[in-house]
Each structure stands twice: as structure tokens, then as C-alpha cells.
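Note that these values count all heavy atoms, side chains included, but never hydrogens, waters or copies made by symmetry.
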Amino acid sequence: MLPILAAILTGYALGVLIPRSALPYLLCLPASPIVQLLMNLLFRGMQMPDIGVLAVASLLKVPVLMLGVLLARRNAARNTFSS
């Protein structure tokens, strides 16, 4: 559960730091293995995961990162609404 939360928060940070472009969605692919490596180092110490496990786990986290970007954009659009 904690790696999924970290992935959503990373995507949210990408969405907040880089607004109004497709770049945060493109950055989700390289950011995913970085998040996976950091979570593995946090939970396992200095033991590195197998490359296959890293690749599959990082590809599964890409949609979760994109969800974080989407949530950041929806929040920004909601906060800029004026009547």
C-alpha cells in the first residue's frame, strides 16, 4: 500500500511542478523505476531487486503515477474556477 501511495504522490508532484503540458505524463515512465528503486531501498536496505522484477513493477506503477498527475490537474482546475 505504501509504494502505491508513494507513486500517487510522485505523480501529484509532477503534475503540480509542471502544469499545462503533456510533459508530466511523459515523465511518468522514467520516474516509475526511480520510485520503485527508492521503495525497494527503503524496505530491503541495500539489496537490489532483480531487473525483471524492477521492470514489471515499474511498468505497473506508470498508470498510478499518471493518476497522480490527473489528480493534481483536477485540483488546480478546481482551485482556479471563478464565478
Side-chain angles (χ1 to χ4, degrees):
M1 194 71 168
L2 192 59
I4 294 172
L5 179 64
I8 290 175
L9 290 177
T10 304
Y12 192 86
L14 283 174
V16 168
L17 294 176
I18 308 171
R20 306 221 198 281
S21 70
L23 188 60
Y25 291 109
L26 295 175
L27 287 177
C28 285
L29 191 61
S32 180
I34 294 170
V35 170
Q36 182 66 29
L37 278 174
L38 288 176
M39 296 307 321
N40 282 341
L41 289 176
L42 180 70
F43 290 132
R44 296 183 186 176
M46 288 297 170
Q47 184 181 15
M48 294 297 289
D50 189 26
I51 191 71
V53 173
L54 179 66
V56 170
S58 62
L59 284 178
L60 290 175
K61 279 195 177 49
V62 171
V64 179
L65 282 161
M66 289 182 179
L67 175 68
V69 173
L70 179 72
L71 291 174
R73 290 192 174 193
R74 287 186 65 190
N75 190 20
R78 189 176 71 202
N79 288 340
T80 58
F81 180 74
S82 63
S83 58

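- Y25 and V16 fall into different hydrophobic clusters, where Ile, Leu, Val, Met, Phe, Trp and Tyr are joined by side-chain heavy atoms under 4.5 Å apart, directly or via other members.
- Taking OG1 of T10 as the reference point, atom CG of L5 lies at 9.0 Å (rounded to 0.5 Å).
- Put simply, I18 and L29 are part of the same group of oily side chains (I, L, V, M, F, W, Y) that touch within less than 4.5 Å, one to the next.
- The line from CG of L17 to CG of L23 is 11.0 Å long, rounded to the nearest 0.5 Å.
- Here CG of L54 is found 5.0 Å from CG of L37. Values are rounded to the nearest 0.5 Å.
- For the atom pair CG of L70 and CD1 of I8, the computed distance is 11.0 Å after rounding to the nearest 0.5 Å.
- Within 6.0 Å of atom CD1 in I51, 12 or fewer heavy atoms from other residues, nucleotides or ligands are found, so the atom counts as exposed in its surroundings.
- Side-chain heavy atoms closer than 4.5 Å link hydrophobic residues (I, L, V, M, F, W, Y) into clusters, and following such links, even through other members, never connects V35 to L27.
- Cluster partners of L65 are absent, since no Ile, Leu, Val, Met, Phe, Trp or Tyr has side-chain heavy atoms less than 4.5 Å from it.
- Linking Ile, Leu, Val, Met, Phe, Trp and Tyr residues whenever their side-chain heavy atoms come within less than 4.5 Å places L71 and I4 in a single cluster.
- Note on L9 and L2: same hydrophobic cluster, where clusters join Ile, Leu, Val, Met, Phe, Trp and Tyr whose side-chain heavy atoms are under 4.5 Å apart, directly or indirectly.
- Taking every heavy atom of both residues into account, V62 and C28 meet most closely at CG2-O, 4.1 Å.
- Residue pairs meeting the side chain to side chain donor-acceptor pair (under 3.5 Å) criterion with at least one partner in residues 49-73, sequence neighbours excluded, are Q36-K61.
- Taking the side-chain contact (heavy atoms from CB on, under 4.5 Å) definition, one finds that L60 meets it with V56, sequence neighbours left out.
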